[in-house]
There are 2 protein chains.
Amino acid sequence: MQIGELAKRTGCESETIRYYEREGLLPAPARSSSGYRRYEQPHLEQLAFILHCRSLGMPLADIRLLAGFHQQPAAEPCDRVNALIDQQISRVHSQIEALQKLEIQLQQLRARCESPHTLADCGILKTLDDAATGEACACHDAS
Amino acid sequence: MQIGELAKRTGCESETIRYYEREGLLPAPARSSSGYRRYEQPHLEQLAFILHCRSLGMPLADIRLLAGFHQQPAAEPCDRVNALIDQQISRVHSQIEALQKLEIQLQQLRARCESPHTLADCGILKTLDDAATGEACACHDAS
DNA sequence: GCAAACCCTGTAGCTACTATAAGGTCAAGC
DNA sequence: GCTTGACCTTATAGTAGCTACAGGGTTTGC
Ligand SMILES: [Zn+2]
Ligand SMILES: [Zn+2]
Ligand SMILES: [Zn+2]
Ligand SMILES: [Zn+2]
């Protein structure tokens with residue numbers, strides 16, 4: 001099949017497929033006499049593997065490693081697989097924690113502007129300006 | 001003061017300060033006869049304003065707008081300020097939701113590999129491979 | 001007079017794509 | 001045989017927000 005059909009079947013754009021090939025995530029397929037890429041079933045599965053990992057937020061470098069384990073002796077222990085997943089879980093977890101703190105801070109800032117008023121009286125702008133001169137702010141210094 | 005001291009006082013690297021100047025977030029300061037940037041107190045406050053907003057995750061484009069409200073007639077309503085903060089809150093909120101889903105999916109995948117074993121028997125690799133051929137996976141298709 | 005610690009500009013790198021530009025190929029219809 | 005449109009190709013630049021050079025000039029102290 002041509003790249004367009006692979007794209008349609010996987011829901012991944014042709015440009016992204018070519019990008020994965022350049023990045024060494026997908027093996028270069030055979031070419032037709034006119035230079036068109038010709039994909040077979042294994043390519044589709046490899047791409048599906050990549051997309052599945054991406055949907056879990058895994059970085060491309062880790063997906064490269066994960067895919068590489070297929071070329072390793074099957075009798076090896078799988079601890080490096082686990083390590084990659086654990087790493088990703090902890091990355092995601094710490095991002096969540098950071099964003100939750102952020103949300104609270106933003107809401108505390110937002111609470112400074114309730115009823116409609118002017119720029120001169122806006123509690124949000126005032127808070128931001130005061131914080132810039134070193135004063136305590138509603139978002140970061142709230143108890 | 002020179003850029004290095006501004007950097008030290010704000011905890012923002014010199015290169016980032018120059019970057020903010022290029023991006024139009026900080027006004028270009030006066031220069032010494034040898035071309036060194038000379039900063040005054042207002043620059044320090046402006047930079048602190050930017051860094052404070054950045055610590056709330058605001059994108060630079062929004063910070064530019066927020067800073068621009070100081071040049072606007074003070075009698076204008078502040079609804080566009082609120083809109084920027086509300087937008088940021090909803091961005092952060094939807095990121096949190098997406099990451100929480102991701103964390104659950106990753107943990108379901110991780111649970112496929114409990115006791116130490118070989119690559120050939122690893123439930124994680126098996127799940128990923130099966131999903132690539134269209135089968136249901138622990139991470140996405142769990143009820 | 002020299003070395004260390006500053007500063008300058010300009011450019012390239014990071015992630016994971018996305019979007020052009022400029023051109024070649026192929027099948028259908030007239 | 002010729003045109004039209006839908007494909008495909010490569011190469012290059014852009015996105016966000018920095019960060020890290022390279023290759024040079026300046027200032028300060030000894
Ligand atoms: Zn207000
Ligand atoms: Zn604050
Ligand atoms: Zn395992
Ligand atoms: Zn899955």
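Each chain gets a letter, A, B and so on, in the order the sequences are listed, and its residues count up from 1. Computed over heavy atoms, backbone and side chain alike; hydrogens, waters and symmetry mates excluded.
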Mind calculating the distance between CG (B:L47) and P (D:dG17) to the nearest angstrom? 15 Å

By the 4.0 Å heavy-atom rule, please label B:Q2 as base, sugar-phosphate, or nothing. sugar-phosphate

Along DNA chain D (nearest heavy atom to each residue), the more 5'-positioned of B:G57 and B:E15: B:G57

Flag, side chain of B:R64 to backbone of B:G68, donor-acceptor distance under 3.5 Å: no

Run through B:Q2, B:E21, B:H43 and flag the one making a side-chain hydrogen bond (donor to acceptor under 3.5 Å, both in side chains) with B:R37. B:E21

Separation of C:dC6 atom C1' from B:E13 atom CD, nearest Å, is 15 Å

Can you measure A:R22 atom CZ to D:dA11 atom C1' for me and round it to whole angstrom units? 9 Å

Using C1' atoms of five pairs at each end, report the bend of the helix from C:dG1-D:dC30 to C:dC30-D:dG1 rounded to 10 degrees. 40°

Taking any heavy-atom pair under 4.0 Å as a contact, classify A:R31: base, sugar-phosphate, or nothing. sugar-phosphate

Distance check needed: D:dT9 P versus A:R38 CZ, whole Å only. 10 Å

Check the pair A:Q88, A:R91 against side-chain hydrogen bond (donor to acceptor under 3.5 Å, both in side chains), reporting the backbone distance first and the verdict last. CA-CA 5 Å; A:Q88 174 68 0; A:R91 264 194 303 258; 2.6 Å; yes

OP1, OP2 of D:dC18 versus side-chain N and O of B:Y20: anything below 4.0 Å? yes

Is the backbone N or O of B:L6 less than 3.5 Å from a side-chain atom of B:T10, with the two atoms forming a donor-acceptor pair by type? yes

Is it the case that over 12 heavy atoms from other parts of the model lie below 6.0 angstrom from the CZ atom of A:R112? no

Within this structure, what is the CZ-to-C1' distance between B:R37 and D:dT27, rounded to whole angstrom? 17 Å

Output the rounded distance in Å from CD1 (B:I50) to C1' (D:dA16). 16 Å

A quick test of your reading: do over 12 heavy atoms of other residues, nucleotides or ligands sit less than 6.0 Å from CD of B:E13? no

Using the closest heavy atom to pick a nucleotide of DNA chain D for each, name whichever of B:R54 or B:S32 lands nearer the 5' end. B:R54

Just compare C:dC17, D:dT26, D:dC18 and give me whichever is closest to any side-chain atom of B:L60. D:dC18

Separation of C:dT9 atom C1' from B:I3 atom CD1, nearest Å, is 12 Å

Look at B:T16 and D:dT19 and indicate whether a side-chain polar atom (N or O) is within less than 4.0 Å of OP1 or OP2. yes

Once the angle between the rings of A:F49 and A:H70 is folded into 0 to 90°, is it parallel (under 30°), tilted (30 to 60°) or perpendicular (over 60°)? perpendicular

Spacing of B:I17 atom CD1 relative to C:dC7 atom P, expressed in whole Å: 9 Å

Less than 3.5 Å between a donor and an acceptor, one on the side chain of B:Y36 and one on the base of D:dG25, is that the case here? yes

Using modelled atom types and a 3.5 Å cut-off, is there a donor and acceptor pairing between side-chain atoms of B:E135 and backbone atoms of B:D129? no

Side-chain N or O of B:S34 closer than 4.0 Å to phosphate OP1/OP2 of D:dT27: yes

So B:R18, base contact, sugar-phosphate only, or nothing? Heavy-atom distance under 4.0 Å. base

